[in-house]
Number of protein chains: 2
Amino acid sequence: MNATNTTEYTLALGSQAKVASALMARAPSAMKNVALRALARLLRENTAALQVDNAKDIERAVANGLSAPMVDRLKLTPKVLETCAEGCEQLAAMADVIGEIIGMKQQPSGIRVGQMRVPIGVFGMIFESRPNVTIEAASLSIKSGNACILRGGSEAIDSNKALAKLVQQALTEAGLPADAVQLVQTTDREVVGQLIAMPQFVDVIIPRGGKGLIERISRDAKVPVIKHLDGNCHTYVDDPCDIAMAVKVADNAKTNKYSPCNATEGLLVARGVAAQFLPLIGKIYADKGVEMRCDAEGRAILEGVAGANVTDATEQDWYEEYLAPIVSVKLVDGVDEAIAHINRYSSHHTDAILTTNHVHAQRFLREVDSASVMVNASTRFADGFEYGLGAEIGISTDKFHARGPVGIEGLTSLKYVVLGEGEVRA
Amino acid sequence: MNATNTTEYTLALGSQAKVASALMARAPSAMKNVALRALARLLRENTAALQVDNAKDIERAVANGLSAPMVDRLKLTPKVLETCAEGCEQLAAMADVIGEIIGMKQQPSGIRVGQMRVPIGVFGMIFESRPNVTIEAASLSIKSGNACILRGGSEAIDSNKALAKLVQQALTEAGLPADAVQLVQTTDREVVGQLIAMPQFVDVIIPRGGKGLIERISRDAKVPVIKHLDGNCHTYVDDPCDIAMAVKVADNAKTNKYSPCNATEGLLVARGVAAQFLPLIGKIYADKGVEMRCDAEGRAILEGVAGANVTDATEQDWYEEYLAPIVSVKLVDGVDEAIAHINRYSSHHTDAILTTNHVHAQRFLREVDSASVMVNASTRFADGFEYGLGAEIGISTDKFHARGPVGIEGLTSLKYVVLGEGEVRA
């Protein structure tokens, strides 16, 4: 495509989405649920056919020398597709949040004022690699009464096209506009630049991918962005705490999985419990091959642990999101220093305190400036499903509009509803 | 100031605000209320002294040939100052929303998950003309536990400086950081450009002023903006309706005041009631000197009204925010055409239906895509005080984060709070 064609193409996607969004906003819950169940059925009926389209992406990825984990993430196995289908059915079974009215109260003038939850309108989603995100985003968009424009990675274009076709078929079956979910059909990068700069058509952009992608989009976007940068999460072991519980939770927070954004990267330990706690967790980390990057005091204790891989932490380590079997370890005086360290170095994603002291717990909850703050729980719980949101479109490290795991409500807005009986302003 | 000095100055404001915001976020309600009451007292004690500073602005404005209404808006009369003082006391009397926890529920894993309301951090406010906005913004900022940087208009710089000094004195008296409310002390325009491009220090920008100012700031800002563009509000007179009520409300919506953004600019009338309704409202508008810009059918009816100033509406009239004794008039088939017209031409601020039909009312509420939608009430009610928000920092015509009148909650965010008893993720 040349520049003019790209602009025309993207503007057409935008205006079609805008028209569809008005129809979706007033669609009855029943129709949206019919579409979601139809999509689940179509995913199951077309499992074999989808493998064929998916194979094209896989072959291309292998030929292009993509790493084995990257190739794995592209795969639409029958199991992945069944999970997608079940996700659609779960959404269909959930109550519809659109149209709910909250806080309706009578005012001194006589008017009653409340707020109605409505779809946000049109969202654009820019994502990389895993094609099942196409189904996750499409199904959330349908349930929330929005229209969306999806731009997947070029490496998954054949899979995404096949999936998007099924989504549009499901919408049509349900009597809803096919344009409610549009996939960008070209891998032309210009389209992304256009998509994030059409405030007349697009209400919010949700990028999902590496930090580079998200920084680029945040910088250039002319519409609001729900952005998730990095997850430099902390677990702070307080004095006093239940040492056995602290060992169990600090183990899980770091080693349950290394790659998710909610894995703990920094372990802060109160001096008063360090001599007791650190050798116990150090032994577990050593057995699991976790490198410990320590301050001098932490190192002095952990070097005594058999088989421990202990190194010196640099200033940069306190900022680092390792996404790997590495943890930074720092001793602190107590809750004050822990809060100060976290507010300085954390990425404001998720931070936890392990404590038995009520006052420390309350201060940590109130003063740590992160999207999720936890007491006596693993940072790994920071997740839309674990929080009971039913589904997750992303995790926001911003404070504006949506913060933390973003479910359907993040794709809605509240408008004021005023009911009167002929009242006028004095 | 030269460019380097300006940058250094603005960055200093930003980093001081950031430090102050952490202290404000954990300030007890009682201290914030002490500061607000101290500010009310100081405004009353310094009424005479404030007149002296205010007189400098007034003299300069007159010398510069500003229009009489502009000069009026600059005036800090004892009455204006008393209103400011009372506003501070009302805020002090209100419950503190900071720290409230909503929706705490146990999840299948055993963790309990809820959301805590916390200050957004630092907001920047850019406003024109009326110096009392300094007190409104400062008091809302204190109550909501934020820090703010205020940039008033150059025409009110002496008044704003004097008011800001009292605000800082009140903060200091209460044991809160003076930097929690900083006024930009220079009229250098470069500062605005810097202020809206410091995401490391400023969480949100709130511009209040003309459309040009807001469009410029929205275009150049690198942080979220709570923006209020124009108020092209509609009143739709449905078939069926209570004609007497419709006349009363349509009169108030247009003529109560011409300059506010929530005044009705467009009157839509269902054909079935036009012959009965239009001559009645036309007579009132004619008596009050309101020009009626009509479609052909409306004109045919209204030309029969004695003394009516009736002209032909152009396509541009449907978009216009007159802020003047002018109203556009258009006949429509019914609620469908009214909704379509409003969603096309309205500025998504406030639109009302006057009807006795329940189904029409429900459709209008659900389908009109505006920040405030009303049934049988004057659009003039779209206001933070009338909605019971206690105070108003602005009105948002956006869908993101805050929509409609923005009170204290618009200056807060919700973070997730997770309470566990040592749960780990499977």
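Residue numbers begin at 1 in each chain, while the letters A, B, ... track the order of the sequences. Computed from a predicted model, the values in this text were never measured in an experiment.
For B:Ser370, the part sitting under 4.5 Å from any heavy atom of chain A is the backbone (N, CA, C, O) and nothing else. For B:Val118, the part sitting under 4.5 Å from any heavy atom of chain A is the side chain, from C-beta outward, and nothing else. Interface residue B:Leu389: only side-chain heavy atoms are found under 4.5 Å from chain A. Contact of B:Lys222 with chain A is made through the side chain alone, with heavy-atom distances under 4.5 Å. There is no contact between B:Val247 and chain A, counting heavy-atom distances below 4.5 Å. The contact between B:Val417 and chain A is made by backbone and side chain atoms together, counting heavy-atom distances below 4.5 Å. With a 4.5 angstrom heavy-atom cutoff, B:Pro199 does not touch chain A via any of its atoms. Contact annotation for B:Asp220: neither backbone nor side-chain heavy atoms come within less than 4.5 Å of a heavy atom of chain A. For A:Asp242, no part lies near chain B; criterion is any non-hydrogen pair under 4.5 Å. No part of B:Asn343 comes within reach of chain A, as not one of its non-hydrogen atoms sits under 4.5 angstrom from that chain.
Taking all atoms of both residues into account, the shortest heavy-atom contact from B:Val113 to A:Glu386 is CG2-O, 4.5 Å. The shortest heavy-atom contact between B:Asn252 and A:Val424 is CG-CB, 3.3 Å. Taking every heavy atom of both residues into account, A:His401 and B:Lys399 meet most closely at CE1-O, 4.4 Å. The two residues A:Asn256 and B:Ala426 come nearest to each other via the heavy atoms ND2-O, 3.6 Å. Annotation for B:Gly420 and A:Ala377: closest pair CA-CB, 4.3 Å, computed over non-hydrogen atoms.
Comparing B:Met374, B:Met116, B:Arg219 by heavy-atom pairs within less than 4.5 Å of chain A, the highest count is held by B:Met374. In terms of heavy-atom pairs under 4.5 angstrom with chain B, the leader among A:Ala253, A:Ala246, A:Ser109 is A:Ser109. Of all the listed residues (A:Pro108, A:Pro405, A:Gly114), the one sharing the greatest number of non-hydrogen pairs under 4.5 Å with chain B is A:Pro405. In terms of heavy-atom pairs under 4.5 Å with chain B, the best-connected choice from A:Arg112, A:Arg380, A:Lys105, A:Met245 is A:Arg380. Ranked by heavy-atom pairs under 4.5 Å with chain A, the first of B:Ser378, B:Gly388, B:Pro224, B:Ala402 is B:Pro224.
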Test B:Arg425 against A:Asn262 for side chain to side chain contact (heavy atoms under 4.5 Å, CB included), laying out the working first. CA-CA 11 Å; B:Arg425 185 113 180 239; A:Asn262 55 20; 4.0 Å; yes

Would you please test B:Asn376 and A:Glu421 for side chain to side chain contact (heavy atoms under 4.5 Å, CB included) and show each step? CA-CA 5 Å; B:Asn376 295 336; A:Glu421 295 174 3; 5.7 Å; no

Would you check, one step at a time, whether the test side chain to side chain contact (heavy atoms under 4.5 Å, CB included) holds for A:Glu423 with B:Val249? CA-CA 7 Å; A:Glu423 285 82 358; B:Val249 173; over 6 Å; no

For the pair B:Gln107 and A:Tyr387, evaluate side chain to side chain contact (heavy atoms under 4.5 Å, CB included) and give the outcome as yes or no after the intermediate values. CA-CA 7 Å; B:Gln107 300 301 323; A:Tyr387 282 7; 5.7 Å; no

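Using cut-offs of 30° and 60° on the angle between ring planes, the pair A:Phe400 and B:Phe400 is tilted.
Other residues, nucleotides and ligands contribute more than 12 heavy atoms inside 6.0 Å of the CD atom of A:Gln362.
Within the 3.5 Å criterion, the main-chain N or O of B:Leu365 finds a donor-acceptor partner in the side chain of A:Lys415.
Residues B:Arg403 and A:Ser413 have side chains that bring a donor and an acceptor to within less than 3.5 angstrom of each other.
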